[in-house]
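Heads up, the thing below is written out as structure tokens.
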Amino acid sequence: MVGGHVTDGAVIVGGSVAGARVARALRQNGYPHPVTIIEAEDQLPYDKPPLSKATLAGPELSPVPLLTAEEAAELDIELRLGVRATRLDLESAVIRTSDGQQVPYRELVVASGVSARRSPWGQPSGVHLLRTLDDAGAVRASLDRGGDVVIIGAGFIGSEVASAARKRGLKVTMVDPLPVPMARLLGEELGGRLTDLHIRHGVDTRFGVGVETITQDESGPVVALDDGSILRATTVVIGIGTTLNTNWLDGSGLALEDGVTCNEFCQAVGQPAVYAVGDTARWHHRRHSLSIRTEHWTNAIEQAVCVAWNITHPDDPRAYQPIEYVWSDQHDWKIHVLGTPDPLVSPTLIDDEAADRWVAFWSSENDEILGGVTVNWSKASVVLRRAMATQGTASSIVDKLTPSEETIA
């Protein structure tokens with residue numbers, strides 16, 4: 001009973017990787033009550049990272065399933081697809097939905113994620129965002145027509161789309177107002193290496209330049225830049241960030257501050273029956289002593305496991321203290337980012353130019369590893385992550401990450 005009303009089981013709002021993994025993990029932990037996923041898209045749960053990678057570059061548009069209808073039936077997970085959560089009533093422990101239903105819950109898991117930030121320049125024909133399977137289908141169909149491609153935004157999404165387009169042999173121009181791509185995450189030194197990567201693969205980089213307008217003429221989209229230049233294209237893809245899908249929580253009484261504010265157990269502050277997971281969760285990270293929200297696939301997977309444990313083991317909750325990890329495939333580079341890089345500090349850099357791989361890492365004043373970046377060096381990623389998990393020092397791992405070390409592959 002919650003608020004004097006009979007409740008149902010666990011209701012998960014959002015069927016992307018975080019929501020689907022919570023549902024699976026609840027059953028793996030022996031959760032005895034009903035499990036329901038409410039998902040705004042009418043697609044079965046699918047994985048989103050491939051949409052900007054292999055899905056655009058490969059021969060077919062085929063989503064990677066997270067939960068099939070057969071698996072959902074076997075696990076006794078109810079899927080409510082094509083239905084949006086529109087309001088949360090905490091007092092009654094009820095979620096109101098776009099189909100006019102009122103869904104009671106015993107535990108609520110907020111996994112509604114984010115959407116691609118909308119274009120401030122409008123979205124005429126040929127101009128695309130990329131977040132969903134439908135978006136990917138539209139981008140792919142546009143790339144299939146050939147012609148020039150303009151990418152606005154040099155973050156992960158923009159860089160991966162540029163890579164996919166170049167693999168198709170298309171002419172690509174990338175625009176970003178920052179003079180160095182991803183400098184806010186990695187700093188200017190490493191960001192400069194990403195600039196060189198794009199140029200080496202034939203991308204026309206327009207960095208440090210903003211977009212004034214996007215219009216359309218008889219030949220397609222026309223992008224006007226603030227340096228006076230004009231770019232004509234068949235396809236324009238805009239990757240300028242995300243917006244949280246938390247409007248349905250407005251006025252609910254949940255603490256919201258760039259996400260659902262949670263404690264170290266991913267419980268909403270002051271609401272022990274409400275949890276948040278994935279992109280929407282802002283939780284207290286004990287190791288950093290900070291409130292953190294992150295939008296990465298690995299975080300969603302690991303946090304989902306923790307949330308499911310805490311729901312099924314309320315007397316033995318686990319604090320969520322991950323080693324942050326995200327990857328990106330850009331041209332012929334496999335990039336891994338671990339921990340918390342400090343973009344304002346120059347990292348320790350180890351180059352293995354002969355093998356086209358390198359590693360950079362940041363350490364604290366007491367020599368503790370804080371974060372790192374590796375390129376084409378998977379073993380180095382393992383070494384760094386293990387060092388961060390065990391509070392290893394920079395000096396203790398340098399010898400393990402030398403180009404001459406034959407065991408590093």
Side-chain angles (χ1 to χ4, degrees), residues 49 52-53 154-160 162-163 178-201 203 205 207 285 287-288 292 294-299 301-302 321-409:
S52 58
K53 301 179 177 73
F156 287 126
I157 293 293
S159 296
E160 290 167 0
S163 175
L178 291 177
V180 177
M182 295 202 286
R184 292 192 184 100
L185 174 64
L186 302 178
E188 293 191 1
E189 180 181 0
L190 300 186
R193 291 185 170 223
L194 294 175
T195 300
D196 295 341
L197 173 69
H198 290 306
I199 292 173
R200 190 165 69 247
H201 284 84
V203 177
T205 57
F207 296 153
H285 195 309
R287 186 164 56 87
H288 298 315
I292 287 179
T294 186
E295 297 181 14
H296 300 317
W297 186 91
T298 307
N299 174 71
I301 293 287
E302 295 178 347
Q321 305 178 76
I323 303 296
E324 297 84 355
Y325 169 69
V326 62
W327 79 96
S328 180
D329 297 335
Q330 299 180 22
H331 306 289
D332 57 359
W333 277 10
K334 292 188 179 297
I335 304 168
H336 295 177
V337 182
L338 306 100
T340 53
D342 187 343
L344 302 179
V345 175
S346 294
T348 300
L349 183 62
I350 300 173
D351 256 317
D352 186 0
E353 296 181 3
D356 190 26
R357 61 187 185 180
W358 51 268
V359 55
F361 56 89
W362 290 260
S363 54
S364 65
E365 292 182 356
N366 61 1
D367 207 32
E368 181 182 347
I369 299 292
L370 301 176
V373 182
T374 71
V375 167
N376 296 340
W377 207 338
S378 58
K379 187 65 175 291
S381 297
V382 173
V383 170
L384 280 177
R385 202 168 196 214
R386 184 178 297 133
M388 282 182 274
T390 59
Q391 296 183 313
T393 61
S395 55
S396 69
I397 68 169
V398 167
D399 290 342
K400 299 178 183 178
L401 299 178
T402 57
S404 61
E405 186 70 39
E406 294 182 1
T407 60
I408 300 290

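Keep in mind the model is a prediction, meaning the values are calculated, not measured. Worth knowing before you read on, the calculation uses all heavy atoms, side chains too, and leaves out hydrogens, waters and symmetry mates. The first residue in the sequence is number 1, and the count goes up from there.
The minimum heavy-atom distance linking Pro181 with Thr195 is given by the pair CD-OG1, 2.9 Å. Taking every heavy atom of both residues into account, Ala360 and Leu384 meet most closely at O-CD1, 4.4 Å. Across all non-hydrogen atoms, the minimal contact from Trp362 to Leu190 is CH2-CD1, 3.6 Å. Heavy-atom minimum distance, Ile323 versus Gly339: CG2-N, 4.4 Å. When all heavy atoms of Leu338 and Ser381 are compared, the pair lying nearest together is CD2-O, 3.6 Å.
Of the residues listed (Asp352, Thr374, Asn376), the one engaging Arg357 in a side-chain hydrogen bond (donor to acceptor under 3.5 Å, both in side chains) is Asp352, and it is the only one.
A heavy-atom distance below 4.5 Å is not found between the side chains of Val326 and Thr294. In this structure, the side chains of Pro343 and Met182 stay at 4.5 Å or more apart for every pair of heavy atoms. At a threshold of 4.5 Å between non-hydrogen side-chain atoms, the residues Asn299 and Glu324 do not count as touching.
The environment of Glu295 atom CD is dense: over 12 non-hydrogen atoms of other residues, nucleotides or ligands sit within 6.0 angstrom.
A donor-acceptor distance shorter than 3.5 angstrom exists from the side chain of Ser159 to the backbone of Ala154, with no hydrogens or angles considered. Counting only distance, with no hydrogens or angles, the side chain of Asp367 and the backbone of Thr393 share no donor-acceptor pair below 3.5 Å.
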For this session: Determine, step by step, whether Ser378 and Lys334 satisfy the side chain to side chain contact (heavy atoms under 4.5 Å, CB included) criterion, reporting the C-alpha distance in whole Å, the side-chain angles of both residues, the deciding distance to 0.1 Å, and the verdict.
Result: CA-CA 9 Å; Ser378 58; Lys334 292 188 179 297; over 6 Å; no
For this session: Using the side chain to side chain contact (heavy atoms under 4.5 Å, CB included) rule, take Leu186 and Leu194 through it: C-alpha gap first, then chi angles, then the decisive distance, then the call.
Result: CA-CA 10 Å; Leu186 302 178; Leu194 294 175; 4.1 Å; yes
Exercise. Given the rule in the side chain to side chain contact (heavy atoms under 4.5 Å, CB included) test, do Arg193 and Leu349 qualify, once you have shown the distances and angles that lead to the verdict?
Worked result: CA-CA 12 Å; Arg193 291 185 170 223; Leu349 183 62; 3.0 Å; yes
For this session: Determine, step by step, whether Asp332 and Asp356 satisfy the side chain to side chain contact (heavy atoms under 4.5 Å, CB included) criterion, reporting the C-alpha distance in whole Å, the side-chain angles of both residues, the deciding distance to 0.1 Å, and the verdict.
Result: CA-CA 10 Å; Asp332 57 359; Asp356 190 26; 4.2 Å; yes
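Here the CG atom belonging to Leu370 is positioned 8.5 Å from the CE atom belonging to Met388, to the nearest 0.5 angstrom.
Side chains of Ser328 and Glu160: a donor on one and an acceptor on the other come within 3.5 Å.
The ring pair (Phe, Tyr, Trp, His ring centres under 6.0 Å) contacts involving residues 324-349 comprise His198-His331, His201-His331, Trp297-Trp327, Tyr325-His336, Trp333-Trp358, where partners must be two or more places apart or lie in separate chains.
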